Amino acid sequence: MVLILPTSRRSSSDTAVSPVTLTRDAYGRAMTYLRISLTDRCNFRCVYCMPALGMKFQRREELLTDEELLRVVRIAADLGFTKLRLTGGEPTIRPHIVELVRAMKAFPGITELSMTTNGLLLGRLAADLRAAGLDRVNISIDTLEAEKFKAITRGGRLDLVWQGIEAAEAVGLRPVKLNAVVVRNQNEHEVGDLAALTLDRPWQVRFLEIMPLEGVGTVHDEGLVTSEETQVRLEERFGPLEQVEAPPDDPARVWRIRGAAGTIGFISPVSAPFCAFCNRVRLTADGKLRLCLLRGDEVDLRDLMRCGADDAAIARQMRAGIWRKPWGHGLAEGDRQTVRGMSQIGG
Ligand code: SAM
Ligand code: SF4
C-alpha cells in the first residue's frame, strides 16, 4: 500500500486551494468537522442499525482506496476542516487502519482525530491507534448484560467490548465516551445501570434516540424512547441531574449525577434536533460527501477523482455542496432516509 503523506502535498498541475479559509453553508454555518465512514461492513448486526436479512454491502472497488481517502482529507483540511471522526460500519475492520490514522493526523490543520467503534477489536488495537495519533474514542455499548448484548448486536461478545473499553482508557484515548441507543423493550430499563458507570469513572455515557434509517424504520417506530423519558427514568433513581456546560457544536446535552466523576449526554435527533449548530458533513465509504445525515443530497467525490479532477476542482465541488447543505433533517415532519442505512452513511 502506498499512502499519500502530507509532505507530498499536491501535484504541480493543481491550482492552490487557499489555506484555512473556513467553508460555510448558505446559512453561515462553518464546516469544520468531517465524519468519515471507512467501510459499510461490520462485525456486529445491531438491531437498530441493520436489518436481520437483506443487508447489501458494497464491493471493494466501489469503496475509496486509501490514497483517495487521504486525498479527500487533505483537501478538506485545506478547506478549514480541523476535526475528523472515523466511523462506519466498523472502522477497526478497515485494512491499514493504524496507517490511515497516522497519515490523517499528520495533515497540517487536523487538530483532532477520534473514532466511533463497537470496541470489539480495541483490546488489541488501542495502543497502536493511540501511538499513531488517535485522540479519543466513542464506544457503543447498549447494555451491561452479556445475553442481552448478544441479542442486540446479533452475536457480539460483551466481555471483549469491555476489554476494549478498558484498553482505550489505559492507553489514554480519553475522555472515553460510551454510546447507548435506547430502544423500548430492549434496554430502556438499563439506562440507570449504564449511567451508574459515571459515578466513579470519568467517562461520558451518552444516550441516543433511535433514528428511522433505511432497514430499521419499524424498530424506530416501535422502539423510540425520547431523551426526556430517559432523563425522567434517571432522575427517579439518582435525583435531579446537574446540567454541565458543553461546547455549542456538541450534539449532546450534558448532565451529571450529583457527585459523579463522569457525565451523561443526551443526543436527541428526533425530539430536539441540533441543526442550528451543525458543523459537520460526512464522507461515505464509497466517496460521497453527504451534506446531512438524513438527507440524500451527496457530492460524488469518488467519480470526480476517478475522472482525473485536480485538487482545485474537487475543492470547488466540496465548497459548492457545503453551500447547499440543508438546514434540517425533517424527522419531525415525518421525512425518512430511505436509501442508506446508518452503517452505510457513517453515523
Ligand atoms: N460500528 C461503530 C459503532 O457501533 O460504534 C460505528 C458506526 S455506528 C453506525 C455509529 C453510531 O451510530 C453508534 O453509536 C450506533 O449506536 C449509532 N446508531 C446506529 N444506528 C442508529 C440508529 N438507527 N439511530 C441512532 N443511532 C444509531
Ligand atoms: Fe455495526 Fe455499529 Fe451498526 Fe452496530 S451500530 S451494526 S456495531 S455499524
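Whatever order the structure lists them in is the order used to number ligands and atoms, beginning at 1. From a predicted model like this one, the values you see are computed outputs, not experimental measurements.
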### Query
In the protein, which heavy atom is nearest to atom 24 (N) of ligand 1, and how far is it?
Met211 N, 2.8 Å
### Query
So which of Ser343, Gly88, Cys42 gets nearest to atom 8 (S) of ligand 1, if we judge by its closest heavy atom?
Gly88
#### Entry: Numbered atoms and elements of ligand 1 in range of Ile210, under 4.0 angstrom, heavy atoms
23 (N), 24 (N), 25 (C)
### Query
Would Thr263 and Arg256 count as a side-chain hydrogen bond (donor to acceptor under 3.5 Å, both in side chains) if you check the C-alpha gap in whole Å, the side-chain angles of each, and the deciding distance to 0.1 Å?
CA-CA 5 Å; Thr263 56; Arg256 189 189 297 278; over 6 Å; no
### Protein contact to atom 11 (C) of ligand 1 [nearest heavy atom, distance to 0.1 Å]
Thr116 CG2, 4.2 Å
### Query
Any side-chain heavy atom of Ile314 sitting closer than 4.5 Å to one from Leu301?
yes
#### Entry: Distance from atom 25 (C) of ligand 1 to nearest protein heavy atom, with residue and atom
Glu209 O, 3.5 Å
### Query
For atom 7 (C) of ligand 1, which protein heavy atom lies nearest, and how many Å away is it?
Gly89 O, 3.1 Å
### Message
Hydrophobic clusters here meaning ILVMFWY residues chained together by side-chain heavy-atom distances under 4.5 Å, can you tell me if Phe274 and Tyr27 are in one?
### Response
no
### Query
Got the closest protein heavy atom to atom 22 (C) of ligand 1, with its distance?
Tyr48 O, 3.5 Å
### Task
Test Phe57 against every option in Asp40, Leu63, Thr39 by the side chain to side chain contact (heavy atoms under 4.5 Å, CB included) rule and name the one that passes.
Asp40
### Task
For Asn118, take its heavy atoms, then give the atoms of ligand 1 lying under 4.0 Å from any of them.
2 (C), 3 (C), 5 (O)
### Task
State which residues pass side chain to side chain contact (heavy atoms under 4.5 Å, CB included) with Cys275; sequence neighbours excluded, sorted by chain then number.
Arg29, Pro273, His329
### Query
What residue and atom, counting heavy atoms only, is the protein's closest point to atom 27 (C) of ligand 1, and at what distance?
Met342 CE, 3.5 Å
### Query
Looking at Thr117, which atoms of ligand 1 are within less than 4.0 Å of one of its heavy atoms?
2 (C), 3 (C), 5 (O)
### Query
Taking only heavy atoms of Asn179, which atoms of ligand 1 are found under 4.0 Å from at least one of them?
14 (O)
### Task
Check step by step if salt bridge (charged side-chain N to carboxylate O under 4.0 Å, His left out) holds for Arg237 and Asp193.
CA-CA 10 Å; Arg237 173 157 163 189; Asp193 293 343; 2.8 Å; yes
### Query
With a 4.5 Å limit on heavy-atom distance, are the side chains of Val281 and Met318 in contact?
no
#### Entry: Glu235 CD: over 12 foreign heavy atoms closer than 6.0 Å
yes
### Task
Check whether any side-chain heavy atom of Asp142 sits under 4.5 Å from a side-chain heavy atom of Gln186, and report yes or no.
no
### Message
Within the supplied structure, the quantity of interest is the number of heavy atoms (other residues, nucleotides, ligands) at a distance under 6.0 Å from Gln243 CD; does it exceed 12?
### Response
yes
### Ligand-residue contact atoms, ligand 1 with Glu90, heavy atoms, under 4.0 Å
1 (N), 2 (C)
### Shortest protein contact, atom 13 (C) of ligand 1 (heavy atom only)
Ser140 OG, 3.2 Å
### Query
What protein N/O/S atoms lie closer than 2.8 Å to atom 3 (Fe) of ligand 2?
Cys49 SG
### Query
So which of Lys105, Lys83, Lys177 actually passes salt bridge (Lys or Arg N to Asp or Glu O under 4.0 Å) with Asp135?
Lys105
### Summary
When distances are taken from atom 16 (O) of ligand 1, the protein heavy atom at minimum range is Val181 CG2, 3.2 Å
### Message
Which residue in the set His189, Glu190, Lys150 passes side-chain hydrogen bond (donor to acceptor under 3.5 Å, both in side chains) when paired with Thr143?
### Response
Glu190
### Message
Quick check on the hydrophobic clustering: are Leu199 and Leu194 connected, directly or via other members, by side-chain heavy-atom contacts under 4.5 Å?
### Response
yes
